[in-house]
2 protein chains.
Amino acid sequence: MAHVLPDSIRCRLGYLLAKTHQRQLKLFEAHTHDLSVSGRQYATLLALEANAELRQSDLAEWLDLDRTTVTYLIDSLEERAWIERQRDPADRRAHIVRLTDAGTVALADIRPAAQAATQELLTPLDDDEQAQLRALLARLLP
Amino acid sequence: MAHVLPDSIRCRLGYLLAKTHQRQLKLFEAHTHDLSVSGRQYATLLALEANAELRQSDLAEWLDLDRTTVTYLIDSLEERAWIERQRDPADRRAHIVRLTDAGTVALADIRPAAQAATQELLTPLDDDEQAQLRALLARLLP
DNA sequence: TATTGTTATACTCTATAACTATA
DNA sequence: TATAGTTATAGAGTATAACAATA
């Protein structure tokens, strides 16, 4: 190939975000392959690790997901018995979600694999630069 | 809501990339709404602006896309007469893609809208920080 | 009336494989 | 036999709207 990717593309933020995100997804999948878990399922388990009880509407707000997406997400986690859901006695419209013991075990398996994936992505950066990147990205979110 | 998004999620690189990318897509779409163009279509036009002629296989390699995806992408641009494709006389298996005059005009419309979207995303960062972010992300790509 | 969650539907992306035409 | 491109298909992911139960 006689040409080179022009800077007009290589420095486009949309391109950089799309490609790094794509690469992160592939690495996460490669490292967690035998666990067959999605990044979103992992994030849900982390949220429930930090908070013993959450309503589905809380998860939707936190993870910035549609409530229908949360329903499917929770369905998939309940099928694997990693979480359980029950009616909120205080508001019988709502469902309360909790991590099960099996979910805690699963999380212990997933976490090191997920961290290894992130470390592989971040290999070109030293520790300071990794922290800078996280801090800069975090400031772009509401 | 009584809870707060835990740092275990907020600082997860996969979460940060997914959310900033999602936000970038929404802002791009909002700013280019009346032009109805995708970021990938925009990147293709930029590639052709920098190189008068490209084969579809070049585009696939540059943009890290499957060749089937490139076929659909080029189809959509040809329908709008922004690009034209013809057989490569030197290798009649290949298609050579070129920007048309209409494509050049379209690019002139799209570019400021795309840049405005990026600037809105990057509002929380000053100029130095924006450059740092681009540089750090670029180093994560092969 | 508004909110929580579920279901159905559809639409976009993406991945795969089968196909053609050329090399 | 390998490569460039096309087509068909199916699988995720996501968005929308209609619905039931409850507030």
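Every chain is numbered from 1 and lettered A, B, ... according to where its sequence line falls, protein lines coming before strand lines.
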* **DNA chain C contacts made by residues 78-92 of chain B, counting heavy atoms under 4.0 Å** => B:D91, B:R92
* Counting N and O atoms only, with roles assigned by atom type, does the side chain of B:E53 sit under 3.5 Å from a partner on the main chain of B:I96, one being a donor and the other an acceptor? -> no
* **Atom-pair distance (CG on A:L65; C1' on D:dG13), nearest Å** => 11 Å
* Structure fact -> 5'-most to 3'-most nt of DNA chain C touching chain B (<4.0 Å, heavy-atom partner on protein side) reads C:dT14 to C:dA23
* Hey, does the side chain of A:R40 reach the backbone of A:L65 with a donor-acceptor pair shorter than 3.5 angstrom? -> no
* Asked: Can A:L141 be reached from B:L125 by stepping across I, L, V, M, F, W or Y side chains whose heavy atoms are under 4.5 Å apart?
  -> yes
* Structure fact -> Per nearest nucleotide of DNA chain D, the residue lying toward the 5' end, B:K26 or B:I74, is B:I74
* Asked: Within this structure, what is the CG-to-P distance between B:D75 and D:dA8, rounded to whole angstrom?
  -> 11 Å
* Asked: When you measure from the side chain of B:K19 to the backbone N and O of A:L63, does any donor-acceptor pair fall under 3.5 Å?
  -> yes
* Just how large is the angle between the end axes of the helix from C:dT1-D:dA23 to C:dA23-D:dT1, five pairs per end, to 10 degrees? -> 10°
* Asked: Atom OG1 in B:T104, atom CG in B:L99: separation rounded to 0.5 Å?
  -> 4.0 Å
* Asked: Between atom NE2 in B:H95 and atom P in D:dT3, what is the gap in whole Å?
  -> 19 Å
* Does atom CD of A:E29 have more than 12 heavy-atom neighbours, drawn from other residues, nucleotides or ligands, at distances under 6.0 Å? -> no
* Asked: Between B:E49 and B:R111, is there a salt bridge with N-O shorter than 4.0 Å?
  -> yes
* Closest to the A:D66 side chain, choosing from D:dG5, D:dT16, D:dA23 -> D:dT16
* Step-by-step side chain to side chain donor-acceptor pair (under 3.5 Å) determination, B:Q86 to B:H95 -> CA-CA 5 Å; B:Q86 66 177 204; B:H95 277 168; over 6 Å; no
* Asked: What distance do B:L25 atom CG and B:T20 atom OG1 have between them, rounded to the nearest 0.5 Å?
  -> 10.0 Å
* To do: Please indicate whether B:D101 has more than 12 foreign heavy atoms, meaning atoms of other residues, nucleotides or ligands, lying under 6.0 Å from its CG.
  => no
* Given DNA chain C, 5'-ward residue of the pair B:R93 and A:Y72, judged by closest heavy atom -> A:Y72
* Is the closest side-chain heavy-atom distance between A:W82 and A:L45 below 4.5 Å? -> yes
* **Any B:T71 side-chain nitrogen or oxygen under 4.0 Å from OP1 or OP2 of D:dG5** => no
* To do: Send over the distance from B:L25 CG to D:dT14 C1', rounded to a whole Å.
  => 12 Å
* **Reported CG-to-CD distance for the pair B:D126 and B:Q132, which is rounded to 0.5 angstrom** => 8.0 Å
* To do: With sequence neighbours left out, write down each residue that passes side-chain hydrogen bond (donor to acceptor under 3.5 Å, both in side chains) with B:H21, or none if nothing qualifies.
  => A:H21
* So which of residues 28-47 of chain A are in contact with DNA chain C, with a heavy-atom cut-off of under 4.0 Å? -> none
Show the atom names and distances, to 0.1 Å, of all donor-acceptor pairs under 3.5 Å that link a side chain in residues 71-78 of chain A to residues at least two apart or in another chain.
unit_1, atom_1, unit_2, atom_2, d
A:T71, OG1, A:R67, O, 3.2
A:D75, OD1, A:R85, NH2, 2.2
A:S76, OG, A:Q41, NE2, 2.9
A:S76, OG, A:L73, O, 2.7
A:E78, OE1, A:R85, NE, 3.2
A:E78, OE1, A:R85, NH2, 3.2

* Asked: Once you round it to whole Å, what is the distance between P of D:dG5 and CG of B:L54?
  -> 11 Å
* So which one's nearest nucleotide on DNA chain D is more toward 5', B:R55 or B:T68? -> B:R55
